[in-house]
There are 2 protein chains.
Amino acid sequence: MTIPKQSIRRNELVVAAAKLFKENSFDRTTVRMLAAATGIKSGSLFHHFKGKEEILVAVIEDGLKKSLKAVQTETQSLTDINQTLFALIYGHLKTLHGPERDAHIVSITEWRSLSDESKQHLITLRDEYEQFWQKIIIEAIDNRLLTGEPTLIRLFILGSLNWSIQWFQPSQGKSIKELAQQFYNMVAK
Amino acid sequence: MTIPKQSIRRNELVVAAAKLFKENSFDRTTVRMLAAATGIKSGSLFHHFKGKEEILVAVIEDGLKKSLKAVQTETQSLTDINQTLFALIYGHLKTLHGPERDAHIVSITEWRSLSDESKQHLITLRDEYEQFWQKIIIEAIDNRLLTGEPTLIRLFILGSLNWSIQWFQPSQGKSIKELAQQFYNMVAK
DNA sequence: TATTTTACCTAGCGCTTGCTTGGTTTTGAG
DNA sequence: CTCAAAACCAAGCAAGCGCTAGGTAAAATA
């Protein structure tokens, strides 16, 4: 019995899992809960995934890949560094609180529920994303838009942006664009 | 059988619990693990705490109270707003990565493991801490040291500071004071 | 239409979990 | 020295957990 990595059904399960993992947490979401939410019996889940952890890996992998794609799209064809930096911040917030919100939140909060092997696999994806930021930040420093150590600035900005999952409610009060503007104004010269 | 809220033994258990909750997580720390770490039998834990959750509440309560005390001490007797804002950032980082590190990390990461009742109880303490920040931030805005909405700025700064638990290793590379300086330079005018 | 593959169900095993109960030891005040 | 309160232990229960085994139904392939 081989388990296919791509299938419509599997993807549905991953989306449902992301929602449950966000609402409860990975540990407090049981395979029976996920089964009930998707109209399946709990044992049948293991036809799609080797184990519970593989579901979490799939959710996070999904989230990370979409993050990278999102900021790439948002910043492409921009030449001005001011615009690029804003687009980066805006793009990050837009995916973070967009349709894939659940997966992104899980990517951020459930990292430590992963085994070492799973971490190793996903860390490559995360590094890729962070490198994308790093490059633009360095360019911004060169243009005196930012000052300080690139790595520290990156951790600082990404930290505060990611923290918004703790307090920001989409479609209530501020728009994401306003938010991005305020973030941008605070760090850029 | 009444359970006293203050006792030396209880405090030892809370400290040990903080460490375990940080290393594993609340859910993945079993009462048996905590018992083994403190040289006790698992059942005996329930002489000190009504249930497992009460241990978590004690850890977080401890962390929050010490946070507030730390920044109060750090900023007292300062009149210049520049100095005060720096002291606030420095004080926050110093407790966060100081001797009570475990409890603070648990306070940040395990919030959602709490029941609604426990949350309600602890939210008062957290609000108190945030209000302390808010006051100083407003003063800083009045003095043109910061610009923007107070609440947003607070969330932004505290978010990035708290995020440092994800990457900062005490006693390795940068000192906390250097870190605080960089943070300060990035937000203050 | 026959055959294989994919998707699912039924039933339950083995293990761990938080917590309880009823009893014993230790401690400290009078 | 007495004795009650506090701290602990031994043993185990009931519930929930991830996951498996063996089979059936549906869909795809030939």
Side-chain angles (χ1 to χ4, degrees), chain A residues 1-60 106 110 112-119, chain B residues 1-60 106 110 112-119:
Chain A
M1 175 185 63
T2 47
I3 298 173
K5 265 227 159 184
Q6 289 293 355
S7 86
I8 302 169
R9 190 68 175 125
R10 182 183 155 111
N11 207 62
E12 286 173 9
L13 296 172
V14 170
V15 170
K19 190 180 174 197
L20 288 171
F21 292 167
K22 181 206 66 180
E23 284 168 358
N24 314 100
S25 65
F26 177 67
D27 283 330
R28 291 180 182 212
T29 302
T30 68
V31 292
R32 282 167 238 265
M33 286 166 71
L34 178 56
T38 50
I40 219 177
K41 296 295 165 179
S42 71
S44 306
L45 280 172
F46 298 91
H47 172 73
H48 297 277
F49 305 93
K50 273 186 212 157
K52 193 191 173 191
E53 195 188 353
E54 197 178 283
I55 308 177
L56 177 59
V57 172
V59 169
I60 296 182
V106 172
E110 298 291 352
R112 61 198 209 141
S113 299
L114 295 163
S115 68
D116 286 344
E117 302 104 83
S118 302
K119 248 179 247 178
Chain B
M1 178 185 63
T2 48
I3 298 174
K5 266 228 160 184
Q6 288 293 353
S7 86
I8 301 169
R9 190 68 176 126
R10 182 183 155 111
N11 207 61
E12 286 173 10
L13 295 173
V14 170
V15 170
K19 190 180 174 197
L20 288 171
F21 293 168
K22 181 205 67 179
E23 284 167 359
N24 314 100
S25 66
F26 176 67
D27 283 330
R28 292 180 181 212
T29 301
T30 67
V31 292
R32 282 166 239 265
M33 288 166 70
L34 178 56
T38 50
I40 218 178
K41 296 295 167 184
S42 70
S44 306
L45 280 172
F46 298 92
H47 171 72
H48 298 276
F49 305 93
K50 273 186 213 158
K52 193 190 172 192
E53 195 188 354
E54 197 179 281
I55 309 177
L56 178 59
V57 171
V59 170
I60 296 182
V106 172
E110 297 291 353
R112 60 196 209 143
S113 298
L114 295 163
S115 69
D116 286 345
E117 303 103 84
S118 302
K119 247 179 250 178

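Protein chains get the first letters and strands the later ones, always in sequence-line order, with residue 1 at the start of each.
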**Prompt:** Residues in side-chain contact (heavy atoms from CB on, under 4.5 Å) with Lys119(A), at least two apart?
**Reply:**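 Result, side-chain contact (heavy atoms from CB on, under 4.5 Å) vs Lys119(A): Trp111(A), Leu114(A), Asp116(A).
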
*Glu54(A) versus Arg10(A), closest heavy-atom pair with distance*: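 Closest heavy-atom pair between Glu54(A) and Arg10(A): OE2-NH1, 3.5 Å.
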
Measure [atom1]/[X] against [atom2]/[N] and give the value in whole Å, please.
X	N	atom1	atom2	result
His48(B)	dT20(C)	NE2	C1'	16 Å
Leu34(A)	dC17(D)	CG	P	13 Å
His47(A)	dC19(D)	NE2	P	16 Å
Asp27(B)	dG18(D)	CG	P	11 Å
Leu45(A)	dT20(D)	CG	P	12 Å
Asn24(A)	dC17(D)	CG	C1'	15 Å
Met33(A)	dA15(D)	CE	P	19 Å
Lys52(B)	dT20(C)	NZ	C1'	17 Å

### Query
Within the modelled atom types, does a donor on one side and an acceptor on the other bring the side chain of Arg32(B) and the base of dG18(C) under 3.5 Å apart?
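In this structure, the two groups form a donor-acceptor pair.
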
Which one, [options], comes nearest to the side chain of [X]?
X	options	result
Arg9(B)	dC8(D), dA7(C), dG12(D)	dC8(D)
Lys41(A)	dC8(C), dT10(C), dA6(D)	dT10(C)
Ser44(B)	dC9(D), dA7(C), dC19(C)	dC9(D)
Ile40(A)	dC8(C), dC19(C), dG18(D)	dC8(C)
Phe46(A)	dT20(D), dC8(D), dC9(C)	dT20(D)

With nearest nucleotides of DNA chain D determined for Arg28(A) and Gly43(A) from heavy-atom distances, which residue corresponds to the more 5′ nucleotide?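 This one resolves to Arg28(A).
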
- Might you work through the side-chain contact (heavy atoms from CB on, under 4.5 Å) test for Thr38(B) and Arg9(B), ending with a clear yes or no? CA-CA 10 Å; Thr38(B) 50; Arg9(B) 190 68 176 126; 4.3 Å; yes

key: Sugar-phosphate, base or nothing in reach of Thr29(B), heavy atoms under 4.0 Å   =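 Sugar-phosphate contact only.
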
| Does Arg112(A) come within less than 4.0 Å of Glu110(B), counting only side-chain N to carboxylate O? |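 Yes, this pair counts.
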
Scan the side chains in residues 13-25 of chain B for donor-acceptor partners under 3.5 Å anywhere in the protein, sequence neighbours excluded, and list what turns up.
residue  : atom : partner   : partner atom : Å
Lys22(B) : NZ   : Asp102(B) : OD1          : 3.1
Ser25(B) : OG   : Arg28(B)  : N            : 3.2

* Asked: OP1 or OP2 of dA7(C) sitting under 4.0 Å from any side-chain N/O of Arg10(A)?
  ->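 Looking at the OP1 and OP2 atoms of dA7(C), neither is under 4.0 Å from any side-chain N or O of Arg10(A).
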
